[in-house]
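One structure is given below, encoded as structure tokens.
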Amino acid sequence: MLASIGVQSMDDLLLDIPHSLRIKALELPVGLSEYETMSQISSLAARNRVFPDRLTFRGGGVYRRFIPAAVAAVTSKPEFYTAYTPYQPEASQGTLQAIFEFQTLIAELTALDVANASLYDGATAVAEAAMMAHIHTGRNEVVVSGYLHPEYVEVLRAFSDGRGIKVRKGTEPGPKTAAVIFQQPDFLGLLVDANTLTESAHAAGALAIACVDPISLAILAPPGEYGADIAVGEGQQLGLSPSYGGPHVGFISCRRELVRRLPGRLVGSAYDSQGRRGFVLALAAREQHIRREKATSNICTNHSLCALAASVYVSYMGPDGLRQVAEVSFKRAHALSERLAALPGWELAFPDRQFLNEFPMRVSKPAVLRKLARKGILGPLDVHRWFRELKGVFTFTCTEVNDPHALDELVTALQS
Amino acid sequence: MLASIGVQSMDDLLLDIPHSLRIKALELPVGLSEYETMSQISSLAARNRVFPDRLTFRGGGVYRRFIPAAVAAVTSKPEFYTAYTPYQPEASQGTLQAIFEFQTLIAELTALDVANASLYDGATAVAEAAMMAHIHTGRNEVVVSGYLHPEYVEVLRAFSDGRGIKVRKGTEPGPKTAAVIFQQPDFLGLLVDANTLTESAHAAGALAIACVDPISLAILAPPGEYGADIAVGEGQQLGLSPSYGGPHVGFISCRRELVRRLPGRLVGSAYDSQGRRGFVLALAAREQHIRREKATSNICTNHSLCALAASVYVSYMGPDGLRQVAEVSFKRAHALSERLAALPGWELAFPDRQFLNEFPMRVSKPAVLRKLARKGILGPLDVHRWFRELKGVFTFTCTEVNDPHALDELVTALQS
Amino acid sequence: MTELLSFEKSRPGASAARLPDADVTAPEPSQVLSPGLLRTKAPALPRLSEPEIMRHYGRLASMNYSISKQFYPLGSCTMKYNPVVNEIAAGLPGFASLHPYQEEDSVQGALELMWRLEGALCAVVGVERVTLQPAAGAHGEWTALRMIQAYHHSRGDARTEVLVPDSAHGTNPASAALNGFHVVEVKSGPDGRISLADLESKLSPRVAALMLTNPNTLGLFERDILDIAEMVHATGAMLYYDGANLNAFMGICRPGDMGFDAVHMNLHKTFTTPHGGGGPGAGPVGVKADLIPFLPTPTVERTNGHLTLDFKRPKSIGRVRSFYGNFGMLVRAYAYIVAMGGDGLMQASRDAVLSANYLRKQVEDDLDMPHEGPCMHEFVASAQNLAQHGVRALDVAKALLERDFYAPTVYFPLVVPEAIMVEPTETENKATLDAFAAAIKEIVAQAKTNPQALHDAPRNLPVGRLDEVAAARRINAYLQGQSEDPVLRWKPAEK
Amino acid sequence: MTELLSFEKSRPGASAARLPDADVTAPEPSQVLSPGLLRTKAPALPRLSEPEIMRHYGRLASMNYSISKQFYPLGSCTMKYNPVVNEIAAGLPGFASLHPYQEEDSVQGALELMWRLEGALCAVVGVERVTLQPAAGAHGEWTALRMIQAYHHSRGDARTEVLVPDSAHGTNPASAALNGFHVVEVKSGPDGRISLADLESKLSPRVAALMLTNPNTLGLFERDILDIAEMVHATGAMLYYDGANLNAFMGICRPGDMGFDAVHMNLHKTFTTPHGGGGPGAGPVGVKADLIPFLPTPTVERTNGHLTLDFKRPKSIGRVRSFYGNFGMLVRAYAYIVAMGGDGLMQASRDAVLSANYLRKQVEDDLDMPHEGPCMHEFVASAQNLAQHGVRALDVAKALLERDFYAPTVYFPLVVPEAIMVEPTETENKATLDAFAAAIKEIVAQAKTNPQALHDAPRNLPVGRLDEVAAARRINAYLQGQSEDPVLRWKPAEK
Ligand SMILES: Cc1ncc(COP(=O)(O)O)c(C=O)c1O
Ligand SMILES: Cc1ncc(COP(=O)(O)O)c(C=O)c1O
């Protein structure tokens, strides 16, 4: 090949690189065989502790749920996972149609008009929505109401700091407020009054941004029903494994009026000269590769394959299955909360607040929780880490994987 | 649908079934959700003990080897694993070409002219080869020489009993002998004198059937080189997991003169009217669906997907990789055999016989072996179970997965 | 779009494998082994990089039709959906990594699974024990006949004939012959069922067994099965059931109750283990009490919850394959049965029968229907009505391929000329059945207007019809030494 | 062959899900929750059986080109082979099942992997620390600029401009703008490198950073990089490296040594994590000492072999996403690095440069080459020579699709008219490069003889060229309330 290029050696191809910059080798070990590579990586994996699904009661944004085998069977198809962003629609109809279906299901779940092709995660989805509101209203402040996931707040702050936007905790939007952001159910699992929050945002001329749990929407009123302008959320529960926090998938949907402000990719339907329907990247004039510094966002690569997983998951469940998942989780959590509240020294942290399947308990002697790991149980989340006012408060999560015997085991372990 | 058929109820479609035969229900539990199904099955799996590859020293026909991740990535493609036998060649070129490649690689490895599309396993391959010899020679006896895998012998007997063929252990073929069958390396791992065995078979007018380890053929003279007429063997080592004994894959290849006697499927190349090369099932006139009771064998479904795994494995290894696998195994086994022979009360059971990577040791106090499992080691195979004369003899196997530390651990465990 | 062979893509120096070194002090094989033992010429295996390998097989995969993408109306093959969870179950390290010679106490879960699967299969077909050892249907047939042979033998009764209906699958006579039996064919009557008169005339004390499948390969239930059983048993022969057609009657009726003494089952049909492009499958055999002593060794036994392998069975026919059968397939079938349950299996059979009758109805005006309905889980039509246009069953098959359907089984069973055998299974929804019927209508119409288009089909697949006759001629030439192209394999260019 | 949407295939009553019951005594949601909280109208999600779902996605998959089947010469995208073993590694339960809020002592293996990956990336690009948190390249760019902003800010230096070359990727100016920076474009000279004169004129104390990639998006090495670094640093600005083009120089040179202060890396390019049809990827950012205090929290720290997450970093810009990044992608990249080793990575880069130069040579007579070679890992050609025949870069792209190749990147970088940007990577063998060159030759020849054939391409794919203009018009109509068809989603028929 060198001869056909017309050079003598590889080095002739690297002449543009100043000599002082050339290095001799990388300071890295030499390569290993596949067998040795897997041995090394498996031994790292073995240094992590895997708690069984059924004994995992910790949530806080990432949940164990039943993932149908169909999900990985689809996402592990090389035709999906080794394809690039679908720049050439004729050769990418599989990916494009799958994204179009994802957009549809997010729009249906949130009852809003249009959803995008995906974002990185729930946290950046909140931040992107805030940026949309900032541009749309021309206002420089966002109000965060109640217990929004503390990491989402941190990410929102990082985005806002760069852009010179103020992030304020509170419930009262003012004339400078671009948006009121709330989470339903909130980080503690509690249900908020989304109607009132939305109304007060609108009354102040601000947008209402609802950060929602997609599974909860099988039971709860969706953002579109209470008039929110933008819905965002984390899609991990739709068929993605915890994977130490990622990759998961953020989603965003909005009312028709805001579609041009959406960040990231959008797929739309189109027809060829024979009248066949296909799908294409649409409204690209919002995006960085066309608009550069004037783009609605800088996002390019998003979380397409995770969105595909979510689509397969939702198709597998269907409307009834999704409702069943939500209801079983609801009932198990309510059964558990009663049993925990009956333990001496235990009480519901917010006894007059409603919840779905995650709920905060106030525990007078938290030391007992430290024993759980020894019994193979991944116990509740200590939320005091983020909120000073919540000393001794722990959130428990139940889903369809925590069978009744698992609840028994937990309660027994706490009693002993 | 019932209406369009023109009946009132499902029962109208079942009228041909005598009433006395109808049952109301199956005596089986009701169906479970996927999650519960997997829980139940996982708990069965958890009641089995999995020894790590590197600490597995047991062989006897099934071996732990490094299986490249590429193998499962190919065989788990639904286009392969959910296709039927390639009856319609235009819609089955993937399977057909893969089989054609498998036939080629078996022919190359064994240095014989033609191989078939696969058989069930090594044991039935031996039996099928014996049937071929019986038909070809018109003779009614097969001679089994040396330590042929005892289970293969049992299967050979079952096949022969039905057909009225006599199975004789020995080395001397006679005028009634259809074939001499030997294994190289044999069940104990020892190398036999294939040249002499083949010559004596031919001298008696019998065929020579060599049962071979495909990986050994990277080092050892292949059946074609020493003049055997038929080669058979078990292909598990070519990329298939132990899986408690199956499914694995049998292979068979033979000289040109015997091709019409081959059992099972054969794929050949053919051309369409545009001159494009494709692949079709060939020489079907040997098979049951055409020849019925006159077929060379009754085999129909064979082990196509396992043959595909073997093809991927061999392509991954290439000639050099396969040789490396064989050599590393050889060296590790020879290193281990020396260390074991140095243990007090231990000796090579057949000190003047050569071997590759499996070898028999004679152990004066076998009780020590019982401790191995507690150290996570799957120790050697007690061959006394099958051979009365081999009391205290155990076969050890080493492959590329038994790293030098694993050998240390074994030896240490035996010393303690 | 055709693809070069892996051998043809081979590049000197390329390799996917990077392997560990031996890392021990030990001699090279050539230093230890006698020269006569060593290979002299390296095998011509392909040299490819991992990306080349993956692309090669990825492209081959896309040249296949499969049940994962297409409707496979293949009669007698029960191409139903293969649940993903089966594959996950079989891949669990607790199953996939077990060595067959592990001590029994370390494989209790595997033995328990086999025990439970045996029990479930007994319940479905109405027998007392099942051996899980046979690797496929034909292997199961042979195993069962071998047991029947041993049974008669043990009674000093040397029976030499096996009766097989003319509509039977080819493996039936072949399995009988493999056991040294003389095969005698029994004729079908005009209603597609076995002719009792012909059966009567062939029964004799020489007959070891009658092999039947019910519903038979025409998809019709043998209404006289109880009479048949009585006739057969009266002569001291046994009744053998070819269980490829099990999908018709789970939870509806049972071969055991019909009087069958032995039954093989294709787990790769009714019980959703995948076909793998031609295996591996699994062909367990169930038997009534008389045959239990003759079951292959080992059997799985359970005492006080502890499971063992029983090797001490003096009357056993021995082993029919190594180890304990295609264990990985057993796990898949077990997963299917657990997920479906008794209720689900019954529903599957009812749906399969409904699908077949529905589809039969949709195409009954388009093709000949040699036998009256209703059918069970499949039906056999005939393309003889198209013969006048020069169109054959094969053309219909290829035209279906062109329309993105796999083809039905054609030219089987042999008793129906130009047979087109269709088995839709419960997997297919009404929309698919309707689309298939519409394709048949379109093809039948085209047979009248443009038969050439059918002869030219398929035109949109990687290859068109391949010249099998020319291929056979080339193979002949090779086998007769008139050519050095083996046709049945690739050969390196240089010698 | 197009495919109905899952929503359009939905059948009443169908369902893949069979789920466990709650099996506890607890109220229904509707008994507990205030009515205002409840959903009133169920979402119109598809109702399908598992076989229908699997077939749906199986068929969609076959409508995609992918690196697993086709050569993807996409410039600036580094479409290289994704080793299977990466997927296995990421799927190990010890990684895939970890909850992000597990106690640190139960995730030592995960933290160790992140620590080692950080170290390896430092070695490859020559920096001191790396944050693994950003989810993609653009996210990494924004993270780095945010750190640079915080750095200047911490020095009381409120810089407001970021310089970006005209050949830069769109994410560069967009990431700068997202941080509120004013973007100033720097021109390329005729040799395809940044114009030093233009750079000089734009540098000022207002400038926070210059964003560069080297080799730049034209595939050319910025020979004056050391001078550029000096100029930039002299004004107190920082030098930022867009690491999408890392595949050119692993083991050959390092951005850190060139003077770059911050570097983002696309693990989904150089480090073989798969593209997934548009993500997920991972965009770690490496920094020199000055920027370390500003890294996102948490960082991974290691003391005496014990690993911890450090959340107490007072100067940190905070979090840029939840948890610790796309951990699953980090596992894949780590597996790749372990398997390749330093030697393998160097070889990969050398092979990538060789491939690009070889392919460039093969087509240099067929297409315009606006800049002189040699190139690094990619090159930019131009289809302007075909304009006289009415053929555009887009036509060349579509004609390549018709020939079973994915298309190169076209119309980027913007500085080259009718740009065709080709990056072959080390994955492709000579046979593939030759076949691609032959296809280009054929297309160029056809441009002269039959340009219409190129305008009509592709004719053999599931759809032909889709009318994006009409689609945009329909979307506009919807957004302006003149139509109720959203175009951007399916909508249930009835309201
Ligand atoms: C009726 C019938 N019997 C027996 C068999 C043989 O089964 P196998 O192919 O598993 O050997 C088949 C398979 O096609 C069949 O359809
Ligand atoms: C030069 C360059 N910079 C940045 C990016 C952005 O990376 P990502 O798509 O991961 O956000 C890309 C990706 O296409 C690129 O090619």
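Just so it is clear: chains get the letters A, B, ... in the order the sequence lines come, proteins before strands, and each one is counted from 1.
- Both the backbone and the side chain of C:A89 come within contact range of chain B, each with at least one heavy atom under 4.5 Å from a heavy atom of that chain.
- Of the atoms belonging to B:V325, heavy atoms from both backbone and side chain fall under 4.5 Å from chain C.
- For C:F249, no part lies under 4.5 angstrom from a heavy atom of chain B.
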### Query
What's the verdict on side-chain contact (heavy atoms from CB on, under 4.5 Å) for C:M340 and B:L28, showing C-alpha distance, side-chain angles and the deciding distance?
CA-CA 10 Å; C:M340 294 297 277; B:L28 287 174; over 6 Å; no
### Pair B:M317-C:L45, side-chain contact (heavy atoms from CB on, under 4.5 Å): steps then yes or no
CA-CA 9 Å; B:M317 291 300 166; C:L45 304 176; over 6 Å; no
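- When B:L13, B:D12, B:V259 are compared by the number of non-hydrogen pairs under 4.5 Å with chain C, B:L13 comes out ahead.
- Heavy-atom pairs under 4.5 Å with chain C peak, among B:V312, B:L109, B:I17, at B:I17.
- Only the side chain of C:R146 comes within contact range of chain B, with heavy atoms under 4.5 Å apart.
- For B:I290, no part lies near chain C; criterion is any non-hydrogen pair under 4.5 Å.
- Neither the backbone nor the side chain of C:Q70 comes within less than 4.5 Å of any heavy atom in chain B.
- In this structure, chain B has heavy atoms under 4.5 Å from both the backbone and the side chain of C:I67.
- Using a 4.5 Å cut-off between heavy atoms, C:F7 touches chain B through its side chain atoms alone.
- Between C:K41 and B:E225 no salt bridge is recorded (no basic side-chain N to carboxylate O distance below 4.0 Å).
- At a 4.5 Å heavy-atom cutoff, the contact between C:L488 and chain B is made by backbone and side-chain atoms alike.
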### Pair C:H169-B:C300, side-chain contact (heavy atoms from CB on, under 4.5 Å): steps then yes or no
CA-CA 10 Å; C:H169 194 261; B:C300 176; 4.0 Å; yes
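- Atoms CD and OH, on B:E151 and C:Y324 in that order, are 6.5 Å from each other to the nearest 0.5 Å.
- Both the backbone and the side chain of C:D21 come within less than 4.5 Å of a heavy atom of chain B.
- Of all non-hydrogen atoms in C:A397 and B:Q88, the two that sit nearest each other are CB-NE2, 3.8 Å.
- Within the 4.5 angstrom heavy-atom criterion, atoms from both the backbone and the side chain of B:D161 approach chain C.
- The aromatic rings of C:H275 and B:Y84 lie tilted to each other, with the angle between the two planes from 30° to 60°.
- For C:L145, no part sits under 4.5 Å from any heavy atom of chain B, backbone or side chain.
- Heavy atoms of C:A176 lying under 4.5 Å from chain B are absent altogether.
- Proximity to chain B (any heavy atom under 4.5 Å) is restricted, for C:I53, to the side chain, taken from C-beta onward.
- A donor atom on one side chain and an acceptor atom on the other are not found under 3.5 Å apart for B:S76 and C:E87.
- The side-chain hydrogen bond (donor to acceptor under 3.5 Å, both in side chains) test applied to B:D403 returns B:R54, not counting sequence neighbours.
- There is no side-chain donor-acceptor pair under 3.5 Å between B:T82 and C:N82.
- With a 4.5 Å cut-off on non-hydrogen atoms, B:P29 touches chain C through its backbone but not through its side chain.
- Using a 4.5 Å cut-off between heavy atoms, B:N195 touches chain C through its side chain atoms alone.
- Of all non-hydrogen atoms in C:E28 and B:F330, the two that sit nearest each other are C-CE2, 3.8 Å.
- Heavy atoms of B:S297 lying under 4.5 Å from chain C belong exclusively to its backbone.
- Residue with the most contacts toward chain C among B:T85, B:L220, B:V50: B:L220 (heavy-atom pairs, distance under 4.5 Å).
- Side-chain N/O atoms of C:S175 and B:Q288 include no donor and acceptor closer than 3.5 Å.
- At a 4.5 Å heavy-atom cutoff, the contact between C:L33 and chain B is made by backbone and side-chain atoms alike.
- Using a 4.5 Å cut-off between heavy atoms, C:L220 makes no contact with chain B at all.
- Looking at every heavy atom in both residues, C:Y101 comes nearest to B:R58 through O-NH1, 2.6 Å.
- Using a 4.5 Å cut-off between heavy atoms, B:R157 does not touch chain C at all.
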